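The structure under discussion appears below in the form of structure tokens.
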Amino acid sequence: MAFDYDLFVIGGGSGGVRAARIASAEGGAKVGLAEESRMGGTCVIRGCVPKKLMVFASGYPAAMAEAQEYGWNVSNAGFDWPRFRNRLAAELTRLETAYRTTLTKAGVTIHDTRVVVVDPHTVELAGGQRLTAKHILIATGGRPFVPDIPGAELAVTSNEIFDLTELPKRALVVGGGYIASEFACILHGLGVAVTQYYRGAQILRGFDDEARGLVANAMQDRGIAIHCGTDVMRLEKSSDGIVVPATDGSSRGFDLVLYATGRRPNSTGLGLEALGVGFGRSGQIVVDDYSQTAVPSIFAVGDVTDRINLTPVAIREGHAFADTVFRGIPTRADHNLVASAVFTQPELGSVGLTEEAAREAGPIDVYVTTFRPMRTAFAGYPDRVMMKLVVDTANRRVLGCHIVGPDAGEMIQLAAIAIKMGATKDDFDRTVAVHPTMAEELVTMRKPTRTG
Ligand code: NDP
């Protein structure tokens, strides 16, 4: 049977775009791709990219204050949110255009529309046109989840945060994960009075306990009011903005409430249920190691499969799919030892096992140092950096590395290479320090801080 396409990709985000490009440009496949919103997906349009630019924007007041301690005469005349927001919007448009150009140059046909899957080889565009494909790739990502509380419609999510007409004076951030903690710091850096409610005992659950504690303390020291063990009961509109009765008995008023309570896969309404594609408990599409669903012609990559919800992972999954199906190179996406960074102030970079998880598995040696880094110590600030190596006592392998401090995201990327290669603590020790840096502490920790 002759198909219209060899591959039809649903979703123009990180995973879908990579799969489409490799299948077409390197696999020689005829590829169509549908995107109902803006090309680039969550990462480019309403996630990593605008977030990181906001992290940069929010860092300047602290940098200006620090510059004064270094002898500069600096005056902070305030932040012009509309000016920054318009530049941000222009940058995203530029990136979106670049994505389109790359795909088109690779020979991919773009359909700017929503599609549904009507059978294992057919998709239907919003206008009713049907197209057939030998393979279909679902790369529809995820969306913010807001719990069903009274007044939930008064809250914004990370989807809306980049388009605010004005910055609030008082913001409540709900949640304790990546997005909540990053935006608590961003908004605080931009001059907003920030309160953060988290239902559990400590923010950033899943990360190394000592690292989370240090980040939380530093956020509080900078002036973010973190309330753990606290959740929202309802949101009410009032003359004092949005009033929020909470489980700790308080009732505070805010100008903005940002919900960052997780994300859910965009898996429903695509017609997949009727075809026999399997779904997991959070609605994720169930796939095997090669990203194949229970329907052999339908594959899925990225956040819609809820494996590790990070852009570079989606890209790897999309690439591995294209290699497997269109280049004759069977490739599993490798989900082991994936490093990540939380762009809080201070940053947290992490790869491998936390101290707590490693201890469950067997005897470990923990090497940890906390210190005041040269740059901020000179300026008289109390900020502390943490470097931690979690080492297997039996074979000296480094099982995990956790860094809290400026540029921790940059440092963890490099540490991750060594750890992925199976480096032992002795390999770290054999490496001569780069001086004076913060990262040199990673190769100069001689004695374990804790064993067992
Ligand atoms: P996370 O899963 O990281 O965090 C969700 C938070 O919301 C948790 O603190 C969770 O609490 C809390 N929560 C969940 N449900 C409720 C509820 N019903 N009521 C109150 N609180 C609730 O999700 P995010 O939205 O922050 O981010 C989504 C994903 O995006 C991340 O997992 C990450 O993979 C990715 N991401 C990565 C970034 C990076 O690499 N820097 C940046 C941003 C996002 P509890 O801990 O108790 O479950």
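As the structure lists them, so they are numbered: ligands from 1, and atoms in each ligand from 1. Here the structure is a predicted model, which means the values were calculated and not measured. Positions are given from 1, in the same order as the sequence printed here.
- Within the 6.0 Å centre-distance limit, the rings of Tyr178 and Phe207 are counted as a close aromatic pair.
- Under the 4.0 Å criterion applied to side-chain N and carboxylate O atoms, Arg100 and Asp112 are assigned as salt-bridge partners.
- Scanning the protein heavy atoms around atom 34 (O) of ligand 1, the nearest turns out to be Asn309 O, 2.8 Å.
- Donor-acceptor pairing under 3.5 Å is recorded for the side chains of Gln284 and Ser282.
- Contacts between Ser340 and ligand 1 below 4.0 angstrom, taking non-hydrogen atoms only, are absent altogether.
- Looking only at protein heavy atoms, the nearest one to atom 17 (C) of ligand 1 is Arg199 NH1, 3.3 Å.
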Run the numbers on Arg375 and Glu66 for salt bridge (charged side-chain N to carboxylate O under 4.0 Å, His left out), then give the verdict.
-> CA-CA 9 Å; Arg375 202 191 76 208; Glu66 195 178 292; 2.6 Å; yes
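- Gly200 does not count as a contact of ligand 1, since none of its heavy atoms falls under 4.0 Å from the ligand.
- Set against the non-hydrogen atoms of Lys51, the atoms of ligand 1 under 4.0 Å away are 41 (N), 42 (C).
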List the steps and the verdict of salt bridge (charged side-chain N to carboxylate O under 4.0 Å, His left out) for Lys388 and Asp209.
-> CA-CA 11 Å; Lys388 178 186 277 193; Asp209 277 353; over 6 Å; no
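- Atoms of ligand 1 found under 4.0 Å from any heavy atom of Gly176, numbered from 1 in the order shown, are 6 (C), 8 (C), 9 (O).
- Residues Glu317 and Arg18 are not paired through a salt bridge, judged by the lack of any N-O separation under 4.0 Å between the basic side chain and the carboxylate.
- For a threshold of 3.5 Å applied to N or O pairs, the pair formed by Ile179 and ligand 1 contains at least one separation below that value.
- Near Ala260, meaning under 4.0 Å from any of its heavy atoms, are these atoms of ligand 1: 5 (C), 6 (C), 7 (O).
- An N or O contact shorter than 3.5 Å is missing between Phe145 and ligand 1 by distance.
- Atom 28 (C) of ligand 1 has its closest protein heavy atom at Arg263 CD, 3.6 Å.
- Residue-ligand proximity, Leu310 to ligand 1, at heavy-atom distances under 4.0 Å covers atoms 34 (O), 37 (C), 40 (O).
- His188 and Gln345 are not linked by any side-chain donor-acceptor pair at a separation below 3.5 angstrom, with hydrogens and angles left out of the test.
- Nearest protein heavy-atom neighbour of atom 4 (O) of ligand 1: Gly177 CA, 3.4 Å.
- Residue-to-ligand polar distances place Gly262 within reach of ligand 1: an N/O pair is separated by less than 3.5 Å.
- Looking at atom 20 (C) of ligand 1, its nearest protein heavy atom turns out to be Asp231 OD2, 3.4 Å.
- One side chain, Asp248 or Ser250, offers a donor N or O that lies under 3.5 Å from an acceptor on the other.
- Ranking protein heavy atoms by distance to atom 38 (C) of ligand 1, first place goes to Tyr178 CD2, 3.1 Å.
- Atoms of ligand 1 lying under 4.0 Å from at least one heavy atom of Pro147, given by number and element, are 17 (C), 18 (N), 19 (N).
- Between Asp334 and the choices Arg316, Arg307, Lys420, the salt bridge (charged side-chain N to carboxylate O under 4.0 Å, His left out) rule is met once, by Lys420.
- For atom 14 (C) of ligand 1, the nearest protein heavy atom (residue, atom name, distance) is Thr261 O, 3.3 Å.
- Between His111 and Phe8, the distance from one ring center to the other falls under 6.0 angstrom.
- Within the 4.0 Å heavy-atom shell around ligand 1 one finds Ala341.
- Of the protein's non-hydrogen atoms, Glu182 OE1, 3.3 Å is the one closest to atom 42 (C) of ligand 1.
- The side-chain hydrogen bond (donor to acceptor under 3.5 Å, both in side chains) search around Thr93 returns Arg38, not counting sequence neighbours.
- Side-chain polar atoms of Glu347 and Thr344 form no donor-acceptor pair below 3.5 angstrom.
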